[in-house]
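Values below: every heavy atom of this structure, side chains too, minus hydrogens, waters and symmetry copies. Naming convention: chains lettered A, B, ... in sequence-line order (proteins, then strands); numbering from 1 in each chain.
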Protein chains: 2
Amino acid sequence: MRLYSIEMTLSEEDYIKAIYHLSQIDSKSVATNAIAEQMKTKPSSVTDMIKKLSKKSLVNYKKYQGVSLSEEGRMVALSIIRKHRLWEVFMVNKLNFSWDEVHVVAEQLEHIKSDTLIDRLDAHLGFPKVDPHGDPIPTKEGTFKKSVKKLISELPILSEGVCIGVNDSSAAFLKFLDKNKIALGDTFKILDREDFDGSVSISTRVGTIRISEQIASNLYLEIRDAE
Amino acid sequence: MRLYSIEMTLSEEDYIKAIYHLSQIDSKSVATNAIAEQMKTKPSSVTDMIKKLSKKSLVNYKKYQGVSLSEEGRMVALSIIRKHRLWEVFMVNKLNFSWDEVHVVAEQLEHIKSDTLIDRLDAHLGFPKVDPHGDPIPTKEGTFKKSVKKLISELPILSEGVCIGVNDSSAAFLKFLDKNKIALGDTFKILDREDFDGSVSISTRVGTIRISEQIASNLYLEIRDAE
DNA sequence: ACTATTATTTAGTTTTATCTAAATTAATTT
DNA sequence: AAATTAATTTAGATAAAACTAAATAATAGT
Ligand SMILES: [Mn+2]
Ligand SMILES: [Mn+2]
Ligand SMILES: [Mn+2]
Ligand SMILES: [Mn+2]
């Protein structure tokens, strides 16, 4: 993960990260419009930036064919994600933030340039493996356990797993979870799914409850014994 | 110190901080060239930025007359300095950095925008009053104990005080201090000064030593019982 | 008071990251 | 296969922050 420290602007870093995340969803090459939407900018701006990143050989690009990260680009993405998630752990574990408050600030902190800083922060936090949302933290070398988390709405009946994250971290949703005694770290089993409305019956630590499709598509489980 | 959160770029913040520091040295209005030197930029760039800051009424400016910070400008400066110094304390106290390593990274961290973050960091660090170099940390409200630190070279004979900071934080100088058993927190008394070369005789915790003018003009003492 | 020197500002460019509007290519329908 | 629609790129503009070179104002020396 060291490479030879390519100089990158904040903007370039955010684009690289966006491309990484989009290519996770849909492993093929990433569309210009998708990047524009993610970055809340215009497709023409994306094209400009893609050309720049391509010149730096951080992405593979052919006109009208979309982009994918090069190996260097992937490493840059992982190093930014590593920083983002370590700062999130710091804010939650050391500064008593709650998990829904940290993302915006981590968006800024992830751009601080200092390898020493991030190494020592990692040590200070006890080398955490996941961030407060349950997402894995890449190592310095750019390796990390591939996420095995899936949305409840995507899992087959009888799946069992630990609740490790949410999609929607709005205050309203978090309040709902609290009220229904659903918390990070709880183990759930999917008992049944209603084809009609997609609602799901799950067993939790307080008994069996039924959740709507909307809720099920916002809760991630980590599946046991996955590779 | 809250004001109504003026939007400021990183560059504007660094200029405001530079103007603040320069006006501390020499309380009058600050010269364009002095800012250019401090910021390692050209006078013409400084003029451009001054006009911008003046439009935002963060500085008082009349052509050819130099600039001074407005009251808002002073508050902005103090809030950046507060952040800079708190991050320095964090790196030294929590991440085991040494005091000569933290400044460059703090130059970046001071620009992170989050009032909550800095408040919680302050609490996490136990509301420190000084940074690792002995410089005072402004409060949220923009008040702080006026520095009573003086260079040994500027103090009269028989002054006594606690060593709280250095001017030159090069590795070579810090090594020298270590070798001579001079550390932050030690109490020194100035016994004698040689007019010929400005060298000074001081009593330290390991006995009496003689230091050159060059060393004396790099060590700050905090004088006891000053207001 | 005049001149030389220094400090500061202005004018005109450059680079980076945006944007809008127009042109082009790709994909979908009929 | 032609026409329509959608996606993408190009062209041209703008704003921020820098620069160089030239002009102007302030200061100092005689
Ligand atoms: Mn970011
Ligand atoms: Mn996260
Ligand atoms: Mn800075
Ligand atoms: Mn300091």
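- Per the geometry, CG belonging to A:Leu10 stands 13 Å off C1' belonging to C:dT16, to the nearest Å.
- Every residue was checked against the side-chain hydrogen bond (donor to acceptor under 3.5 Å, both in side chains) condition with B:Ser54, not counting sequence neighbours, and none meets it.
- Judged as a side-chain hydrogen bond (donor to acceptor under 3.5 Å, both in side chains), and not counting sequence neighbours, the contacts of A:Asn60 are A:Ser68.
- A pairwise comparison of heavy atoms in B:Thr32 and B:Thr47 identifies CG2-OG1, 3.9 Å as the closest pair.
- With sequence neighbours excluded, no residue forms a ring-ring contact (aromatic ring centres under 6.0 Å, His included) with B:His133.
- The nearest whole Å value for the distance from the NZ atom in B:Lys55 to the C1' atom in D:dA15 is 12 Å.
- Not counting sequence neighbours, the partners of A:Glu71 by the salt bridge (charged side-chain N to carboxylate O under 4.0 Å, His left out) test are A:Arg74.
- Shown are B:Asn218, B:Leu151, B:Leu177; of these, the side-chain contact (heavy atoms from CB on, under 4.5 Å) with B:Val166 is made only by B:Leu177.
- For the strand DNA chain D, secondary-structure stems (runs of at least three Watson-Crick or G-U pairs, all distances below 3.5 Å) span C:1-30 with D:1-30.
- The ring-ring contact (aromatic ring centres under 6.0 Å, His included) search around A:Phe90 returns A:Trp87, B:Phe90, not counting sequence neighbours.
- In this view, B:Asp192 and B:Arg210 satisfy the salt bridge (charged side-chain N to carboxylate O under 4.0 Å, His left out) rule, not counting sequence neighbours.
- Put simply, CE on A:Met8 is 13 Å from P on C:dT16, counting in whole angstrom units.
- Partners of A:Asp100 by side-chain hydrogen bond (donor to acceptor under 3.5 Å, both in side chains), not counting sequence neighbours, listed by chain and number: A:Ser98.
- If you measure from atom CE of B:Met49 to atom C1' of D:dC19, you get 14 Å, rounded to the nearest angstrom.
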Which atom pairs, donor and acceptor, lie under 3.5 Å between side-chain atoms of residues 10-22 of chain A and protein residues at least two apart or in another chain?
{"residue": "A:Glu12", "atom": "OE1", "partner": "A:Thr9", "partner atom": "N", "Å": "2.9"}
{"residue": "A:Glu12", "atom": "OE1", "partner": "A:Lys56", "partner atom": "NZ", "Å": "3.0"}
{"residue": "A:Glu12", "atom": "OE2", "partner": "A:Lys52", "partner atom": "NZ", "Å": "2.8"}
{"residue": "A:Glu12", "atom": "OE2", "partner": "A:Lys56", "partner atom": "NZ", "Å": "3.1"}
{"residue": "A:Glu13", "atom": "OE1", "partner": "A:His111", "partner atom": "ND1", "Å": "2.7"}
{"residue": "A:Glu13", "atom": "OE2", "partner": "A:Lys113", "partner atom": "NZ", "Å": "3.3"}
{"residue": "A:Asp14", "atom": "OD1", "partner": "A:His111", "partner atom": "NE2", "Å": "3.0"}
{"residue": "A:Lys17", "atom": "NZ", "partner": "A:Glu107", "partner atom": "OE1", "Å": "3.3"}
{"residue": "A:Lys17", "atom": "NZ", "partner": "A:Glu107", "partner atom": "OE2", "Å": "2.7"}
{"residue": "A:Lys17", "atom": "NZ", "partner": "A:Glu110", "partner atom": "OE1", "Å": "3.0"}
{"residue": "A:Lys17", "atom": "NZ", "partner": "A:Glu110", "partner atom": "OE2", "Å": "3.1"}
{"residue": "A:His21", "atom": "ND1", "partner": "A:Lys17", "partner atom": "O", "Å": "3.4"}

Q: Let me have a per-nucleotide readout for nucleotides 3-9 of chain C, 5' to 3', with B, S or -, counting only protein heavy atoms under 4.0 Å.
A: ----SBB
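- For B:Asp195, the side-chain hydrogen bond (donor to acceptor under 3.5 Å, both in side chains) criterion is met by no residue, not counting sequence neighbours.
- Per the geometry, NZ belonging to B:Lys42 stands 9 Å off C1' belonging to D:dT20, to the nearest Å.
- For residues 11-21 of chain A, proximity to DNA chain D is found at no residue, defined as any non-hydrogen atom under 4.0 angstrom from a strand atom.
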